[in-house]
Amino acid sequence: MLQWDINAQAELDSVEAELELVELQITELMDKQAELTSRRNALLQQLEEACDAAQSSSSSSLKPSKADHVMNKQEMQRYDRRDFPWSEKVEQQLKDSFNLSKFRPLQLRAINLTLLGKDLFLVMPTGRGKSLCYQLPAVCSTGFTLVVTPLVSLMEDQIMYLKSIDVSAAMLNASINKESVKTVMAGMTDVKSPFKLLYVTPEKIAKSKLFMSRLEKAYNANLLSRIAVDEVHCCSQWGHDFRPDYKLLGILKRQFPKVPLLGITATATSSVLKDCEKILCVSQPITLTSSFNRTNLYYEVKNSDNEASISDIASLINSKYKDQSGIVYVFSQKDAESVSTELQKRDILAYPYHANMDPQDKSRVHHKWTSNKIRVVVATVAFGMGIDKPDVRFVIHHTISKSIENYYQESGRAGRDDHPADCIVYFGFSDIFRISTMVVMENTGQQKLLQMVDYCQNFDRCRRSLMAVHFDEMWNEEGCNQMCDTCRHAQDCITVDITQHARQVVQILELAASNNEKMTPLKLTDAWMGKGPAKHRKMIQTTTLSRLKAEAVIVQLLLRGYLREDFSFTPYTTYIYIKLGRKAPLLKSQAHSLTMKMRTTESEPAEVSKVHIDAPQESYSNPGKKHYNNGKLAGSFLPAHIL
Ligand SMILES: Nc1ncnc2c1ncn2[C@H]1C[C@H](O)[C@@H](COP(=O)(O)OP(=O)(O)OP(=O)(O)O)O1
Ligand SMILES: [Mg+2]
Ligand SMILES: [Zn+2]
């Protein structure tokens, strides 16, 4: 090869490397642009609402100009009025049948809107009383309300409750005998309406032609007064609990267009709701969303270390939560059994609950816990929808949830009585990968899991604000009131420069790749800490960080795209390896630096170099300019402990 060719090749390589860096920086900036645009739009909307408020207070009439589904707050308030033709009956039933003295936020508005015949999506936090929004209209209307519910146990609980307050209700599901099915089917077209609510599973609508034809008859006789779809997020595969049969529910609105539909959920982002709108064939429903913020819940994340965390959980239950009720969520059936045994050994009345138990055993545990005969249920996600015990004082996650939606829903079972309650997650490095193998085949499983990991590892922002962003809610800094560990212990965190650590990790992975070797998360951490096989330690800078901090750095690099997970499947198991992520090449630049917030309250002080508190999270400084952190030159290849 000519000298000229060699020079040209070298220059081409360097230009290509630089181009790649520029492209990554453009992607970063575009992400930032998207974030700022969405913030600007939110602020513009806020301003517009403030202007509307000022205008409507200066004129007595409400503007009728906009379509219902895009009404602003002030226009919506007209549906809180108590002078509708049905208002008197609604108030009377609230007190006499439901034994409640007043409405909670948004309940009256939802009830008025559905009684006006509007299609409605209602997004309200867990335990805030969504069921009343279709139960009360049902008793105030002629005919019956069809309620689609995902679980038989959920409908059984509701029917038991309605019976106890003398509201007639019926259900149809696979466990009902033929005779009862006949009676219910006849009741559907009986003008005397022997039941006000009819609960069915989505399968019934998707698969039973006989049922659909009875429904048609009831519709033609004006006896189908309303359709409520509970846990409506199950329609969308972007939601956290997708149920294939929910996808077929569009038939309801297509066949019964005049019947108002009410979709209900505690957890749905706006894109999930848009998807549900399409699937259910409702055009432009009004969406009522109440704040996701449960002000009485204290959110906290602790580091998990298997044995130690069980002892920690037990001593919390035996001290702070003495004689109180709670739930400990675990990852698997095996964990449910082993953790409950460990808690029992420590004198705690704890029972396991998981999907593989007999239905009778499940309802026995549920019932004993509800009636305070046992204190703690150690449960998998199978202990889910429909749990309505008001005085749950703690929900502890022994293992992280697989998404923020799941976590919000599971932790939301605490404090339904509005008294203070704690929601604690034990976050462990290896748990990320245990769950990863479980969700890898799900559409957005990996992305959702990483959002949950970010919730646990982020000491920069209030835990509530992270949830707010997730649920597209505008966040007001005062909304937390020190009711999360990040806000309460902000002084226990410092910003640390992890650039050198990141480079060491990348170096290990490069070395492994050159030896054709795959690194599991455990192998990688071991090699970096100078443990494990000697060949991994050759020629690499081992770290002086504690294991906990080394793991935290690796997680941070995963979250920010410097590392990525790589899966390998066998018929029996799934293996996870760590590989370089798309941002890893950025670390080649001396000017690139990377910081993260770490807790100082762990067993030893952070051994990494501190940086000025308001330094940027990641910076692309001018390569010609030196980048100083606390007087130290960042970006040099000195070993971490010297920095
Ligand atoms: N206006 C009210 N005043 C006092 N208590 C109420 C009111 N409305 C409902 N409740 C009670 C009844 C229930 O015990 C509890 C939870 O109601 P429920 O309808 O089951 O919640 P939900 O459907 O919003 O929660 P989930 O998301 O868990 O299903 O709140
Ligand atoms: Mg509910
Ligand atoms: Zn907070």
Side-chain angles (χ1 to χ4, degrees), residues 90-91 93-95 97-111 122-136 138 147-151 153-155 157-162 164-165 197 199 228-234 240-241 262-268 288-290 292-295 297-301 327 370 383-392 395 405-406 408-419 423 455 458-469 475-490 493:
V90 164
E91 294 280 339
Q93 291 289 351
L94 176 77
K95 294 185 177 85
S97 291
F98 291 87
N99 303 315
L100 297 170
S101 55
K102 58 181 192 324
F103 289 109
R104 281 180 173 163
L106 286 192
Q107 282 181 327
L108 179 60
R109 191 177 297 181
I111 288 168
L122 178 61
V123 188
M124 220 190 234
T126 48
R128 296 312 290 160
K130 292 184 284 295
S131 326
L132 188 78
C133 301
Y134 59 83
Q135 288 167 346
L136 186 46
V147 187
V148 183
T149 306
L151 297 176
S153 62
L154 252 176
M155 57 176 80
D157 286 352
Q158 293 238 349
I159 288 192
M160 216 162 65
Y161 162 71
L162 291 168
S164 75
I165 59 166
L197 294 117
Y199 286 81
V229 181
D230 203 3
E231 314 289 352
V232 72
H233 58 271
C234 296
H240 60 94
D241 247 331
L262 173 58
I264 294 171
T265 177
T267 40
L288 294 186
T289 312
S290 74
F292 80 99
N293 189 3
R294 301 269 313 272
T295 49
L297 301 186
Y298 178 73
Y299 294 99
E300 182 174 7
V301 179
I327 309 172
T370 315
F383 194 57
M385 294 172 189
I387 293 164
D388 185 29
K389 182 166 164 59
D391 57 349
V392 177
V395 172
E405 285 102 318
N406 280 74
Y408 180 72
Q409 190 122 359
E410 286 151 18
S411 60
R413 286 170 192 131
R416 284 174 174 237
D417 54 6
D418 293 339
H419 293 298
C423 306
Y455 169 87
N458 198 324
F459 300 108
D460 244 352
R461 295 171 69 177
C462 164
R463 305 236 182 254
R464 280 186 162 72
S465 78
L466 293 169
M467 289 198 205
V469 169
W475 181 243
N476 171 359
E477 292 302 329
E478 279 106 62
C480 183
N481 198 20
Q482 305 257 312
M483 284 292 279
C484 86
D485 55 346
T486 333
C487 291
R488 202 174 281 184
H489 305 295
C493 283

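Both counts, for ligands and for their atoms, begin at 1 and track the order of listing.
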Handout entry: side chain to side chain contact (heavy atoms under 4.5 Å, CB included) between Leu297 and Arg464, intermediate numbers included
Key = CA-CA 10 Å; Leu297 301 186; Arg464 280 186 162 72; 4.3 Å; yes

Problem - Arg413 near ligand 1 by a heavy-atom separation under 4.0 Å - result: no

Exercise for the section: Using distance alone, decide if ligand 1 has a nitrogen or oxygen within less than 3.5 Å of any nitrogen or oxygen in Asp388. Expected result: yes

Fill in the blank from the handout: Of Ser131, Pro125, Gly384, Pro390, the one whose closest heavy atom lies nearest atom 23 (O) of ligand 1 is Ser131

Practice task
State whether a side-chain donor-acceptor pair under 3.5 Å links Gln135 with Ser131.
Solution key: no

Problem - Close N or O approach (Lys102, ligand 1; < 3.5 Å) - result: yes

Exercise for the section: Taking Arg294 for its side chain and Gly415 for its backbone only, find out whether a donor-acceptor pair lies under 3.5 Å. Expected result: yes

Problem - Option of least heavy-atom distance to atom 29 (O) of ligand 1 (set: Gln135, Glu231, Gln158, Arg128) - result: Glu231

Handout entry: Stepwise side chain to side chain contact (heavy atoms under 4.5 Å, CB included) test for Arg413 and Thr126
Key = CA-CA 7 Å; Arg413 286 170 192 131; Thr126 48; 5.6 Å; no

Practice task
Could you see which bit of Thr126 sits under 4.0 Å from ligand 1, with heavy atoms only: side chain, backbone, both or neither?
Solution key: both

Practice task
Could you tell me whether the side chain of Leu106 reaches within less than 4.5 Å of the side chain of Met124, counting heavy atoms only?
Solution key: yes

Handout entry: contact_flag Met124 ligand 1 heavy-atom lt 4.0 Å
Key = no

Problem - Audit row: Asp418, Arg128, salt bridge (charged side-chain N to carboxylate O under 4.0 Å, His left out) steps and yes/no - result: CA-CA 10 Å; Asp418 293 339; Arg128 296 312 290 160; 2.7 Å; yes

Practice task
Applying side chain to side chain contact (heavy atoms under 4.5 Å, CB included), run through Phe103 and Leu136 and close with a yes or a no.
Solution key: CA-CA 11 Å; Phe103 289 109; Leu136 186 46; 3.7 Å; yes

Problem - Angular separation of Cys484 SG and Cys480 SG about the Zn ion (ligand 3), given to 10° - result: 120°

Completion exercise
At the Zn ion (ligand 3), SG of Cys462 and SG of Cys487 open up to roughly (10° bins) 100°

Handout entry: Gly129-ligand 1 polar pair, N/O distance under 3.5 Å
Key = yes

